[in-house]
Amino acid sequence: MTLRFYDSATASVRDFVPLTEGRASVYYCGATVQGEPHIGHVRSALAFDQLTRWLQAKGLEVTVVRNVTDIDDKILVKAVENNEPWWALAYRFEQAFEDAYDALGILKPTYEPRATGHIPEMHALISLLIERGHAYPALDDSGDVYFDVRSWKQYGSLTRQNIDDMQAAPDADPRGKKDARDFALWKGSKPGEPETASWASPWGAGRPGWHLECSAMVTKYLGTEFDIHGGGLDLRFPHHENEMAQSQAAGHGFANFWMHNGMVTFEGEKMSKSIGNTINPREMLQIARPLVVRYYLGQAHYRSVLDYRPGSLTEAAAAVERIETFVKAAVSQAHSNGKVSVTGNLPDTFTAAMDDDLNIPAALAVLHETVRAGNTALAKKDIEAAGVALEAVVSMTDALGINPLDEQWARGGDATAELAALDVLVKAQLEARAQARTEKNWAESDKIRDVLAAAGIDIADSANGSTWSLRR
RNA sequence: GGUGGGGUGGCCGAGAGGCGAGGCAACGGACUGCAAAUCCGUGCACACGGGUUCGAAUCCCGUUCCCACCUCCA
């Protein structure tokens with residue numbers, strides 16, 4: 001089957017044919033760094049990380065650009081509230097986002113441009129739009145520059161909306177606009193705003209409008225036409241609609257595919273900064289390991305709503321442990337050297353599921369079926385079959401970014417020495433217990449197990465001896 | 001008012017005309033000194049009402065409920 005993705009612009013699943021053979025260019029909207037990341041931000045980045053990994057697995061050379069919006073109204077407001085320079089606040093939260101992405105193994109984009117670093121590119125785009133008759137300086141003397149929505153007849157096409165049918169914003173302030181729907185490309189400086197948040201421009205000092213940065217940056221790094229533009233579903237309108245309008249009005253082909261990930265809800269309600277029902281990745285990481293959090297956030301189809309509720313992570317942990325238990329057992333029995341290479345040989349059913357608009361739930365079904373087959377092989381002492389299953393499982397998990405053998409998920413480096421020491425001590429206990437068991441001294445055997453269990457160490461007996469693991 | 005997405009077994013979550021995806025939980029069995037893990041089995045699900053069809057969770061008509069976007073939002 002060929003690679004297909006759902007394209008929001010046409011509301012249909014289409015074959016994905018890269019504009020340049022062998023390559024793929026992806027731009028997706030990162031965060032406005034005005035606060036701590038919440039799980040929804042991470043899910044979005046994860047969805048596009050899964051996309052990136054799959055494009056790579058298909059042999060494409062992928063260029064990924066994710067923006068950082070480091071200047072906007074809220075950043076300025078919050079900086080004042082915090083009595084902190086806006087740029088310090090933006091940078092601080094940018095780091096918090098990076099930390100959250102890193103913790104979950106989200107691959108670094110090829111490049112991560114900041115809005116404030118691309119003012120000249122934005123000016124050039126504004127000038128071009130004015131020349132072409134699609135933008136105009138504000139009719140009052142605010143110093144704003146607006147996109148002229150009525151001048152672009154395709155406006156609304158991304159979300160298939162008609163301007164006249166749209167509900168007017170309740171706080172519609174016409175300011176110097178020709179139409180209430182016109183949006184700011186450039187915002188003139190207002191009294192009281194910090195000088196550091198103001199840049200000179202042909203239309204007066206000011207700062208960029210939100211939508212403009214993406215159009216300017218995507219063109220700079222990926223060209224006037226590129227393969228995929230992604231982002232959260234909530235960005236579809238107005239942000240992506242506006243982006244598309246201004247870029248196409250400037251004569252650019254722009255995105256070939258638009259991909260939008262679904263929202264994360266909290267017990268049925270959308271999580272958002274403005275409502276305040278958010279979950280911090282840090283909080284999730286306190287109740288589950290990074291690998292489990294990644295598995296949980298990535299297990300549903302990227303376009304589905306993902307509803308978080310207490311207990312979700314416990315269930316995900318059970319599923320992850322099932323995979324890990326098999327991999328661990330198979331490595332020790334089928335790969336005595338402990339080295340398992342990612343072959344990239346994926347079951348056809350897995351590939352077919354992934355090719356079909358990244359159907360990860362179906363791909364995970366293949367993964368779990370392979371785990372079961374592997375476990376059965378181990379039970380039958382069919383080492384060859386177990387080895388085959390092991391390689392398939394490792395390759396599949398690797399393609400999804402949840403390979404339990406990946407050093408990304410290894411415990412922190414600091415713990416290595418402690419673990420090694422613990423291993424020596426626990427192994428001594430296991431030997432004593434093995435002795436007791438050969439003597440059928442079950443009381444002693446169980447006592448040793450209980451003592452270890454009380455310390456958070458679980459032991460498991462098998463035909464090949466006993467193994468231990470730290471309860472997590 | 002406009003646009004879009006949905007209602008699937010105890011829970012999560014795919015599928016989209018015909019063999020009960022998969023995971024979690026539960027129960028029964030096998031294995032085990034006992035556990036744990038693992039394997040096998042059980043549950044006969046598709047909001048409601050009509051219709052089309054040999055056959056519908058999947059198509060059509062109607063009803064109903066939910067959610068998102070239309071203002072900053074991943």
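The sequence lines fix the lettering, A, B, ..., with proteins before strands; numbering per chain opens at 1.
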What nitrogen or oxygen pairs link the protein and nucleotides 26-29 of chain B at under 3.5 Å?
none

Side-chain donor-acceptor pairs under 3.5 Å in residues 372-390 of chain A, sequence neighbours left out?
from     : atom 1 : to       : atom 2 : distance (Å)
A/Asn375 : ND2    : A/Val371 : O      : 3.4
A/Thr376 : OG1    : A/Arg372 : O      : 3.0
A/Asp382 : OD1    : A/Ala385 : N      : 3.1

Review item, side-chain donor-acceptor pairs of residues 444-451 of chain A, under 3.5 Å, at least two apart:
from     : atom 1 : to       : atom 2 : distance (Å)
A/Ser445 : OG     : A/Arg433 : NE     : 3.2
A/Asp446 : OD1    : A/Arg449 : NH2    : 3.4

Under 3.5 Å for both distances, Watson-Crick or G-U wobble, that's the pair rule; now give the dot-bracket for RNA chain B, with | marking pairs to another strand and [ ] for crossing ones.
-> (((((((..(((.....[...))).(((((.......)))))....(((((..]....))))))))))))....

Set of ring-ring contact (aromatic ring centres under 6.0 Å, His included) partners for A/Phe326, sequence neighbours left out = none

Give every residue pair that meets the salt bridge (Lys or Arg N to Asp or Glu O under 4.0 Å) criterion with at least one member in residues 101-111 of chain A, sequence neighbours excluded.
-> A/Glu98-A/Lys108, A/Asp102-A/Lys108

Check: A/Asp144 side chain, A/Ala138 main-chain N or O, donor-acceptor pair, under 3.5 Å | no

Collect all protein-nucleotide pairs involving nucleotides 12-16 of chain B in which both atoms are nitrogen or oxygen and the distance is under 3.5 Å.
from  : atom 1 : to       : atom 2 : distance (Å)
B/A14 : OP1    : A/His301 : N      : 3.0
B/A14 : OP1    : A/Ser304 : OG     : 2.5
B/A14 : O3'    : A/Asn359 : ND2    : 3.4
B/A14 : O2'    : A/Asn359 : ND2    : 3.4
B/G15 : OP1    : A/Asn359 : ND2    : 3.4

Verify the contact: side-chain N or O of A/Arg181 to OP1 or OP2 of B/U71, cut-off strictly under 4.0 Å; return yes or no.
-> yes

Would you please name every residue forming a side-chain hydrogen bond (donor to acceptor under 3.5 Å, both in side chains) with A/Thr370, sequence neighbours left out?
-> none

Please list, chain by chain and in numerical order, all residues satisfying side-chain hydrogen bond (donor to acceptor under 3.5 Å, both in side chains) with A/Trp87, sequence neighbours excluded.
-> none

Pairing residues for A/Tyr101 by the ring-ring contact (aromatic ring centres under 6.0 Å, His included) criterion, not counting sequence neighbours | none

Residue pairs meeting side-chain hydrogen bond (donor to acceptor under 3.5 Å, both in side chains), one or both in residues 149-158 of chain A, sequence neighbours left out, come to A/Arg150-A/Asp164, A/Arg150-A/Asp179, A/Tyr155-A/Asn242

Pair up each side-chain donor or acceptor in residues 310-320 of chain A with any protein partner under 3.5 Å, not counting sequence neighbours, and list the distances.
from     : atom 1 : to       : atom 2 : distance (Å)
A/Ser312 : OG     : A/Arg309 : N      : 3.2
A/Ser312 : OG     : A/Arg309 : O      : 2.7

